[in-house]
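Worth saying up front: this structure is predicted, and the values here are computed from it rather than measured.
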Amino acid sequence: GPNNFTNFMESGFMTSNNIALSAGGEKYDIRISVSDNYQKGMDPNTSLNINNINLYSGYQLTKKLRVDGNLNYNRQSSPNIPDVAYGPNSYTYMNQEYGSAQYDIRDFKNYWYPGYEGVKQQYAEYGRCNNPYFMANEWLRGNYKTDIYGYAKLNYEISPELTFSARTQVTGYDMLQTEKVPVSAILYGASNTLKLGQYREDRRSLNENKSDVMFLYNKNITSKIYLSALAGAEYSQMIYNSSWVTTGYLNIPNIYSFSNTLNTTVPYSWKSAMQTQSAFSSADFSYEKYATLSVTGRYDKVSTLPKGKNGFFYPSVSLSTVVSDYITLPKVISMLKFRGSYADVKGALTKSKVGPAWSEMGAVNPSGYGTGFLTSYDGPSYTNQTIYTTAATYNNQASASLSNTIANENLKPFSVTSYEAGADINLFSNRLGLDVTYFTTINGPQIYQWDVAPSTGFDSKMVNGVTTQKNGWELTLTANPI
């Protein structure tokens, strides 16, 4: 009927449990917490379980030396995450967009065709739609992910004004996604016409380590000027590995294993690595209550740019003054502040998200349906490298192809420069506020893929170019009348 989708969905619920313990003494403190969160989905046969353990400990070794450490472990597991996309692989699409309404979906809870249990589904619409109960219980997409974060830190007080710190931290995850496509499942795509079922695994792991040393300095230089400054260096390294493998149909129904493939399996693997060496500093100068000047600078040397072009510096400076702190203004004015800033940001050839191995290799989705799942990455994009990609193409034969983009050995980092000037004013005992900002943003030169003539054998080349400028005003009005 017209309420098929509503009748198919279920009520979800959540539970949360947490326990925490802590202890401390004159020289130490320790805390541990354990939590469990369970969520039953609104889609039938879906759930998500999240377990988290957090441990922190600190110890004062001497009067001037302290060590701290933290470890956080997070485990997410779901036996089934439904697909929400175009096609018969999504019962949301089938019920809400494509399916008919002349039958009651609840009449098909027994989804196996009598006498063909385990090998043939039954439903009101053969040929174009799957039985949603068949999908919910047999077509399973598992997701299992472990995240780990931890750090160890040492602080040493050289003097009352000067402190030294050293820290190393690790961040990483391991993820496994599985898909069990049952026999008789209806799918779009030429690779699924036989309806013999499939099994797929998408594995990804990322490990990142950052270590830094830093000096912090805080002192009243004179009776009127206060300085807060830091300077340090950092080294970071990340390694990413992924693989995506599918069977060539199932040889025996309902046995989801690569050893049960009818034809040759189709594997893809992709990995990346990146290193960054950095030096950074900042200083805040305060002149009594009159003004504050902040200056920062950072130098990065990255592995994503050509040698000799992979080091770059980017600074920032800001100045502000709260006029109402040192000038008597009309009583109606509660606060008046003027501010200005300049910042230059640079970077090169990284991206925040990553897809399955086949996607990163430039291949067409081997499953023939759905979209690739994205995970956090912040690693190299490899768009400025002339590389070969290997893949299985016609008749599952191995092949190699050269990238379509011409690499540029003189490529420089992109640049984004911004200028701001503004004022903040609060009126009537801070009940009414107005923030006014004028800004100029210069985006470029960017890193750009420039089209080239097809006769070159390539599609584009990497260049530094395309600079845009944006000017504008920002106004924010706040009111707290009561």
**Request:** Decide side chain to side chain donor-acceptor pair (under 3.5 Å) for T405 and S460; before the verdict, give the C-alpha distance in whole Å, the side-chain angles of both, and the deciding distance to 0.1 Å.
**Result:** CA-CA 5 Å; T405 302; S460 61; 3.3 Å; yes
**Prompt:** Would the number of heavy atoms belonging to other residues, nucleotides or ligands and lying under 6.0 Å from NZ of K412 be above 12?
**Reply:** no
**Item:** Contacts of type side-chain hydrogen bond (donor to acceptor under 3.5 Å, both in side chains), residue E201, not counting sequence neighbours
**Value:** Y199, R203
**Request:** Can you see which heavy atom on M42 is nearest to which on G12, and at what distance?
**Result:** CG-N, 4.1 Å
**Residues T440 and N471: side-chain donor-acceptor under 3.5 angstrom** = yes
**Residue pairs involving residues 372-381 (criterion side-chain hydrogen bond (donor to acceptor under 3.5 Å, both in side chains); sequence neighbours excluded)** = Y173-T375, R204-T375, S272-Y377, S381-T383
**Message:** Is the shortest side-chain heavy-atom distance between I447 and N464 below 4.5 Å?
**Reply:** yes
**Message:** Whether the S211 and T168 side chains hold a donor-acceptor pair (N or O, under 3.5 Å, no angle test) is what I'd like checked.
**Reply:** yes
Taking distance alone, no hydrogens or angles, what donor-acceptor pairs closer than 3.5 Å link side-chain atoms of residues 322-334 to residues at least two apart or in another chain?
residue	atom	partner	partner atom	Å
S324	OG	L336	N	3.2
Y326	OH	T321	OG1	2.7
S334	OG	S429	N	2.9
S334	OG	N430	N	3.0

**Request:** Only pairs at least two apart or in different chains count here, so list each ring-ring contact (aromatic ring centres under 6.0 Å, His included) that has a residue in residues 407-443.
**Result:** Y342-Y419, Y438-W473
**Asked** Does some side-chain heavy atom of N17 sit less than 4.5 Å from a side-chain heavy atom of I19?
**Response** no
**Request:** Would you mind listing every salt bridge (Lys or Arg N to Asp or Glu O under 4.0 Å) that reaches into residues 307-319, with sequence neighbours excluded?
**Result:** none
Got a list of side-chain donor-acceptor pairs under 3.5 Å for residues 217-225, not counting sequence neighbours?
residue	atom	partner	partner atom	Å
N218	OD1	Y226	OH	3.4
N218	OD1	S228	OG	2.8
T222	OG1	K224	N	3.1
T222	OG1	I225	N	3.1

**Request:** Hey, could you give me each pair passing salt bridge (Lys or Arg N to Asp or Glu O under 4.0 Å) that has a residue in residues 148-167? Not counting sequence neighbours.
**Result:** R167-D212
**Item:** Residue list, salt bridge (charged side-chain N to carboxylate O under 4.0 Å, His left out) with D284, at least two apart or on another chain
**Value:** none
**Prompt:** So, for I406 and F458, which heavy atoms are closest and what is the spacing to 0.1 Å?
**Reply:** CG1-CG, 3.5 Å
**Message:** Tell me whether the count of non-hydrogen atoms from other residues, nucleotides or ligands lying under 6.0 Å of CD in Q275 goes above 12.
**Reply:** yes
**Asked** Do the non-hydrogen side-chain atoms of Y299 and Q277 ever get within less than 4.5 Å of each other?
**Response** no
**Request:** Return the orientation label for the Y448 and W450 ring planes: parallel under 30°, perpendicular over 60°, tilted otherwise.
**Result:** perpendicular
**Request:** Hey, can you tell me if W139 and Y369 have their rings parallel, tilted or perpendicular (30° and 60° cut-offs)?
**Result:** perpendicular
**Asked** Under the side-chain hydrogen bond (donor to acceptor under 3.5 Å, both in side chains) test, which residues partner T163, sequence neighbours left out?
**Response** none
**Prompt:** Which atoms form the tightest heavy-atom contact between N408 and V463, and what is the distance?
**Reply:** ND2-CA, 4.0 Å
**Asked** Could R200 and D202 be called an ion pair, given the rule that one side-chain N must be under 4.0 Å from one carboxylate O?
**Response** no
**Message:** Using 0.5 Å steps for rounding, measure from the CD1 atom of I239 to the CG atom of N241.
**Reply:** 7.5 Å
**Item:** Under 3.5 Å: donor-acceptor pair, side chain of T441, backbone of S418
**Value:** no
**Prompt:** Which pair of non-hydrogen atoms, one from P82 and one from Y91, has the smallest distance, and what is that distance?
**Reply:** CB-OH, 3.3 Å
**Request:** With sequence neighbours excluded, give me every salt bridge (Lys or Arg N to Asp or Glu O under 4.0 Å) pair touching residues 360-374.
**Result:** K351-E360
**Asked** Ring centres of F164 and F215 under 6.0 Å apart?
**Response** yes
**Asked** Q198 and T247: side-chain donor and acceptor closer than 3.5 Å?
**Response** yes
**Message:** Checking side-chain polar atoms at under 3.5 Å, does S278 have a donor or acceptor matched by the opposite partner on D300?
**Reply:** yes
**Fill in**
By side-chain hydrogen bond (donor to acceptor under 3.5 Å, both in side chains), S35 pairs with (sequence neighbours left out) none
**Asked** Does a salt bridge link D424 with R339, judged by any charged N lying under 4.0 Å from a carboxylate O?
**Response** yes
**Prompt:** Any idea which heavy atoms bring P306 and L411 closest together, and the distance?
**Reply:** CD-O, 3.8 Å
**Asked** Is the number of heavy atoms from other residues, nucleotides or ligands within 6.0 Å of NZ (K461) greater than 12?
**Response** no
**Message:** Is there a side-chain contact between P366 and Y268 in this structure, where contact means two heavy atoms from C-beta onward sitting under 4.5 Å apart?
**Reply:** yes
**Message:** Tell me the closest heavy-atom pair linking S77 and Y144, and the distance in Å.
**Reply:** CB-CD2, 3.7 Å
**Message:** Working note: D344 + S415, criterion side chain to side chain donor-acceptor pair (under 3.5 Å); need CA distance, chi angles, decisive distance, verdict.
**Reply:** CA-CA 7 Å; D344 182 24; S415 177; 3.0 Å; yes
Please tabulate, for side-chain N and O atoms in residues 50-57, each donor-acceptor pair with protein atoms closer than 3.5 Å (sequence neighbours left out).
residue	atom	partner	partner atom	Å
N51	OD1	N49	ND2	3.3
N51	ND2	D36	OD1	2.5
N52	OD1	N72	ND2	3.2
N52	OD1	N74	ND2	3.0
N52	ND2	N72	OD1	3.2
N54	OD1	N70	ND2	3.4
N54	ND2	N72	OD1	2.8
Y56	OH	R66	NH2	3.4
Y56	OH	D68	OD2	2.4

**Message:** The test is side chain to side chain donor-acceptor pair (under 3.5 Å); show your working for Q76 and D147 and say whether it passes.
**Reply:** CA-CA 8 Å; Q76 307 159 44; D147 291 275; 3.0 Å; yes
**Message:** For S316 and T296, which I'm curious about, is there any donor-acceptor pair between the side chains at under 3.5 Å?
**Reply:** yes
